Structures are given as C-alpha cells and as structure tokens.
Protein chains: 2
Amino acid sequence: MNARGRPRGFDREEALKRAMNIFWRRGFDNTSISDLTDAMGLNPPSIYAAFGSKEQLFLEALDLYSQTNGDGIWDYLESANTAHQAIWMLLRATAENYTRGTSPRGCMIVLSAPQMEGGNATVCEELKERRQQNVSLLQRRLERAIVEREIGRETDCTSVAAYFTCVQHGMSIQARDGASRETLLAIADSAMAGWGALVSPA
Amino acid sequence: MNARGRPRGFDREEALKRAMNIFWRRGFDNTSISDLTDAMGLNPPSIYAAFGSKEQLFLEALDLYSQTNGDGIWDYLESANTAHQAIWMLLRATAENYTRGTSPRGCMIVLSAPQMEGGNATVCEELKERRQQNVSLLQRRLERAIVEREIGRETDCTSVAAYFTCVQHGMSIQARDGASRETLLAIADSAMAGWGALVSPA
DNA sequence: CGATTTATGTAACGGACGATACACATCGAG
DNA sequence: CTCGATGTGTATCGTCCGTTACATAAATCG
C-alpha cells in the first residue's frame with residue numbers, strides 16, 4: 001500500500017525553504033500568494049494541496065526557520081559552561097546570523113508581523129509566543145547558573161533575561177536597517193559590559 | 001482674499017491625531033482606508049481632499065507622532081547635565097512612554113513597517129531614516145560628553161550609540177508583546193549597568 | 001486493460017483594497 | 001441674487017488578494 005495517485009512533481013522541502021525565505025524577507029502580510037508562486041515555482045493549487053493555506057504554510061516555514069536558523073543561536077545556551085559565556089556567545093552568534101549575505105537580515109520571528117492588530121491573529125500570537133519562549137529560555141539558564149553557584153541567589157533572573165532578550169530583538173531592527181556585522185558584534189559586547197553589575201556575586 | 005468655497009466640516013488636527021493613533025496601533029499596511037474612515041469619522045473623499053493619499057496621511061501622522069510623543073523622550077538628551085544621566089533618563093522615559101494605558105504600546109517609528117520589501121517603499125525609507133537619526137543624536141551627545149570631559153577620548157561613540165539605540169528598539173518589541181512598565185524600567189536600568197565599561201575614563 | 005486516486009495548469013471566484021467620478025451642499029465675491 | 005470655488009456623501013472604479021472549480025495528467029490497484 002504505497003503512495004497512490006499521481007506523485008508530487010516538486011520537492012516539498014525545497015519549496016518550503018523558498019517560502020520561508022520570502023516570508024522572512026517580506027513578512028507575512030506583505031507576502032502574497034503571487035509572490036509565493038513565483039518564489040516556489042508552483043501554481044496556487046499545488047501550494048494549497050501541499051500546505052493547506054497561506055497561514056499554515058507560514059507556520060510550517062516558521063518551524064523550519066526555528067530548526068535551521070534558530071538552533072545555531074540557542075544551542076550555546078546549554079552547551080557553554082557558564083551563563084556569562086552562554087549569553088555572550090548567544091549574542092555574538094546572533095550578530096553573525098543576522099548579517100549573513102545570503103539570508104534576509106534580522107530575525108523572522110521578530111520582524112514577520114509586529115502588529116498585534118489588523119493582521120492574521122493566529123500568526124501574530126504564534127510569533128509572540130515564540131518570542132516569549134526565548135525570554136523563558138534565558139531566564140532558566142540564569143536560574144541554572146544560580147544553582148551552579150556561578151552567580152548569586154539575589155540575581156533578578158527575570159529582569160536580566162528581559163534585558164538580554166531586548167538587546168537581541170533590537171539587533172533585528174538594526175540588522176534590517178543595514179547595520180554591519182561589526183556594529184552588531186560591538187552591540188553584543190556592549191550588552192555584556194554590565195554583567196558584573198547585573199548579577200549578584202556568587 | 002480668505003478661504004473661498006465650502007469650509008471643511010471637521011477638525012483637521014483632530015482627524016490627523018486619530019489617524020496617527022490607528023497607524024501607530026496597526027502599522028501602515030495593516031491599516032485600510034476603511035479603518036481610517038471609521039476612526040476619523042470621515043468619508044474617503046474628505047480624507048483624500050485634506051491629506052492627499054494614504055501615504056501622505058501616514059507621513060503627516062508620523063510627524064505628529066514625533067512632535068507629540070518623541071520629544072518627551074528625546075528632550076532629555078540635551079537638557080540633562082551629563083550623557084550618562086541623559087541616556088538613562090531617555091531609556092526610563094522610553095519605558096514609561098511605551099506603557100501608557102491610553103496609547104498603543106511601543107514606538108510607531110519602530111513598529112509601523114519593519115519590512116523593507118513588499119510594503120510602501122517611501123514609508124519604509126522614511127521610518128528607517130528616522131530610526132537612524134536617533135542613532136546620530138545619541139552619538140553626538142556622547143561626542144559632546146567627550147568635549148565636556150565627562151568621558152574619555154577613547155570612547156567608541158558610534159558603537160555605544162548603536163548599543164543604546166538597540167536597547168530602545170528592543171523595548172518596542174517587548175512593549176508590544178505586553179511587557180509591564182516595571183519590566184521595561186528594569187531593562188533601562190540594566191542597559192546602564194555597563195556604562196563604566198563602555199566609556200573610557202575622562 | 002479499466003477504475004480509482006492524487007497532482008497539476010488554467011481560469012476564475014467573491015471580496016477587500018486604495019482611490020475617484022459625480023452630483024450636491026455650502027461658502028465668499030461681485 | 002448669481003457665479004466660481006471648495007467640501008461632502010454616495011456609489012463605484014480597476015486591481016490585487018487568498019482561494020478554489022474544473023478538466024486533465026499521471027500514478028497505483030484490481
């Protein structure tokens with residue numbers, strides 16, 4: 001009992017990758033089905049048969065983005081030995097990731113649909129949740145650093161996580177506005193300058 | 001030779017204010033003429049006669065935003081005695097400004113149209129230029145602080161300005177995502193924590 | 001071989017968009 | 001008053017949007 005009917009005439013993953021790139025560059029609302037058919041080399045019925053709708057296609061593209069572009073950044077959180085090193089490398093990896101010549105600049109999750117009203121509600125909510133998950137990841141890493149006695153028990157992990165997340169989000173805007181990799185790396189370093197004052201002593 | 005013809009039946013400034021609010025909340029592309037007619041209480045021909053086009057209306061609304069909402073923030077840059085105090089107050093004022101109950105959260109200039117492709121090119125370019133002007137303002141204030149011997153001559157004013165601008169931009173995203181005033185104020189304080197390491201000694 | 005199932009290409013759907021044509025209302029000038 | 005000028009309301013323009021109907025192509029199943 002194998003695939004019945006006419007087989008799909010295109011590579012679904014390749015098509016999804018192209019959709020991701022154009023959503024990333026133009027955002028959800030500013031990407032039309034016509035844009036997608038051009039970029040994916042498909043006609044509308046093929047897209048709808050394979051992905052369901054523009055909204056579902058975007059959500060799949062968002063998953064692909066998180067897996068292929070996000071992980072390279074967030075892996076450092078757990079792999080680095082200290083929270084200080086982890087966040088520093090996270091920010092520096094972000095700077096490099098946001099200024100790759102071949103990819104759109106900045107983060108798809110931050111830039112795709114910043115308006116909470118007027119656009120697609122499901123998409124907005126999904127993006128918002130993913131952004132907030134990143135705050136939680138940072139916060140948990142800081143709490144782990146308390147347990148491991150890297151930083152003191154008095155550290156306000158929630159505020160510090162919000163601060164570094166804020167810097168990362170801001171880097172998306174700067175990257176989209178054309179900031180150089182050097183500028184973003186300098187921002188990453190600057191953001192770490194206050195570390196000693198942000199965490200309480202171990 | 002005074003105003004000939006039928007006089008305008010509405011308050012132009014009040015209508016512009018309402019347009020600003022809805023553009024601020026929904027962004028440029030996600031605000032339709034229908035949204036504007038509802039919010040402004042006008043029919044399309046009245047809007048077009050008074051403001052020209054959706055694009056021109058937005059640009060006027062953007063000017064109004066800068067005058068009524070931006071100045072409260074940026075005035076501190078020149079009025080404060082030191083660059084340190086100026087930037088700190090700038091960030092704290094930003095935190096308060098972005099979390100006023102009556103207004104949309106976050107900055108209109110940052111959130112209205114973050115995509116450089118697919119939307120209105122003129123609007124995108126205008127917003128980008130205004131964002132970059134803010135970097136220049138910060139940079140000049142830091143250079144003044146060098147002249148006034150508040151900070152050392154080795155300070156990398158460009159990088160430091162980019163860093164604080166980045167924090168401010170990030171606060172717009174956080175505010176739009178629902179961050180509390182306390183969270184944003186904590187971010188402002190956190191961002192200042194590295195000041196001593198960011199500037200060279202006087 | 002049909003019969004069935006799935007994918008594709010063409011062509012178009014209803015609806016929303018930004019923007020206007022047109023008739024009418026309301027002003028100042030003469 | 002009449003005349004020219006300008007604002008307003010209705011009703012609509014052409015275009016693009018996301019989506020789909022329909023006929024046809026290409027595969028498996030019996």
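Quick caveat: nothing in here was measured; it's all calculated off a predicted structure. Chain letters run A, B, ... following the sequence lines, proteins first, then strands; residues in each count from 1. In what follows, every heavy atom counts, from backbone to side chain, and hydrogens, waters and symmetry copies are set aside.
- For Arg8(B), the side-chain atoms get nearest to dG7(D) when compared with the rest of dT20(D), dA21(C), dG7(D).
- A salt bridge links Glu148(A) with Arg144(A); the closest basic N to acidic carboxylate O contact falls under 4.0 Å.
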Q) Hey, mind stepping through Asp189(A) and Arg92(A) against salt bridge (Lys or Arg N to Asp or Glu O under 4.0 Å) and telling me if it holds? A) CA-CA 8 Å; Asp189(A) 294 345; Arg92(A) 289 188 67 90; 2.9 Å; yes
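- Nearer to the 5' terminus of DNA chain C, by closest-nucleotide assignment, is the contact made by Ser46(A) (compared with the other of Ser53(B) and Ser46(A)).
- Across the protein-nucleic acid pair, Arg12(B) atom CZ and dG7(D) atom C1' stand 14 Å apart, rounded to whole Å.
- Under the side-chain contact (heavy atoms from CB on, under 4.5 Å) rule, Phe23(B) has a single partner from Asp35(B), Leu62(B), Leu57(B), which is Leu57(B).
- In this structure, CG of Leu42(A) is placed 16 Å from C1' of dT19(D), rounded to the nearest angstrom.
- Contact annotation: side chain of Arg6(A) to base of dA25(D), donor-acceptor pair present below 3.5 Å.
- Note: CZ (Arg26(A)) to P (dG18(D)) measures 11 Å, nearest angstrom.
- Atoms CZ (Phe51(A)) and P (dT6(C)) sit 18 Å apart, rounded to a whole Å.
- Contacts of Thr31(A) with the nucleic acid, taken as non-hydrogen atoms under 4.0 Å apart, involve only primed sugar atoms and P, OP1 or OP2.
- dA12(C) atom C1' lies 15 Å from atom CD1 of Ile33(A), rounded to whole Å.
- Taking the ring centre of Phe28(B) as origin, the terminal cationic atom of Lys54(B) falls inside the region bounded by 6.0 Å and 45° from the ring axis.
- Residue side chain Arg4(A) does not reach the base of dA27(D) through any donor-acceptor N/O pair under 3.5 Å, judged by distance alone.
- The OH-P distance, from Tyr48(A) to dT6(C), rounds to 21 Å in whole Å.
- The side chain of Pro44(A) sits closest to dT19(D) out of dT19(D), dA7(C), dG9(C).
- Regarding Asp35(A), its CG atom lies at a distance of 14 Å from the P atom of dT19(D), rounded to whole Å.
- Each of Gly5(B) and Ser32(B) was matched to the nucleotide of DNA chain C holding its nearest heavy atom; the match closer to the 5' end belongs to Ser32(B).
- A salt bridge links Glu60(A) with Arg12(A): the closest approach of a Lys/Arg side-chain nitrogen to an acidic carboxylate oxygen falls below 4.0 angstrom.
- Annotation: of the two residues near DNA chain D, Asn43(B) and Glu55(A), the 5′-most nearest-nucleotide partner is Asn43(B).
- Each of Lys54(A) and Pro7(B) was assigned the nucleotide of DNA chain D with the nearest heavy atom; the assignment lying further toward the 5' end belongs to Pro7(B).
- Rounded to an integer number of Å, the gap from Phe58(B) CZ to dA19(C) P is 14 Å.
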